[in-house]
Amino acid sequence: MRPHGDSTSFLNYVSHHSGKREATTYPESTVFSFELPMVHFTTGLELFADLFVNPLITNERIVEEVEAIEREFQGHSQADLFEILQGVA
């Protein structure tokens, strides 16, 4: 059992406490970050760490994540192509 609830606990906590979260995927790594008011930071950090200590991801979430990564990759590929084409013109 997850110490802090289900797989959406972190997302719900950050949203409920006016926080921000971000994840950026690069070819060989993914960077995760979040911001919360200091009074809520410790619990937020515990919830964030729990995602890695006790991972719980459904097949549906795996498909969603793969699709998000693919969209992000396609966006970078198109931006790179646009930059190359601008350099040629």
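- In this structure, the side chains of Leu47 and Thr43 come closer than 4.5 Å at one or more pairs of heavy atoms.
- Put simply, the side chain of Asp50 never gets that close to the backbone of Glu46: no donor and acceptor are under 3.5 Å apart.
- Here Glu35 pairs with nothing under the salt bridge (Lys or Arg N to Asp or Glu O under 4.0 Å) rule; sequence neighbours left out.
- Ile69 and Leu51 fall into different hydrophobic clusters, where Ile, Leu, Val, Met, Phe, Trp and Tyr side chains are chained together by heavy-atom contacts under 4.5 Å.
- Counting only distance, with no hydrogens or angles, the side chain of Glu72 and the backbone of Thr25 share a donor-acceptor pair below 3.5 Å.
- Leu45 and Phe52 fall within a single hydrophobic cluster, where Ile, Leu, Val, Met, Phe, Trp and Tyr are joined by side-chain heavy atoms under 4.5 Å apart, directly or via other members.
- When the ring pair (Phe, Tyr, Trp, His ring centres under 6.0 Å) test is applied to His40, the partners found at least two apart in sequence or on another chain are His17.
- Take Glu64 and apply the salt bridge (Lys or Arg N to Asp or Glu O under 4.0 Å) test, not counting sequence neighbours, and it matches Arg61.
- Val53 shares a hydrophobic cluster with no other residue; no ILVMFWY side chain has heavy atoms under 4.5 Å from its own.
- Counting heavy atoms from C-beta on, the side chains of Val14 and Lys20 never come closer than 4.5 Å.
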Validation: residues 26-34 side-chain donor-acceptor distances under 3.5 Å, sequence neighbours left out:
none

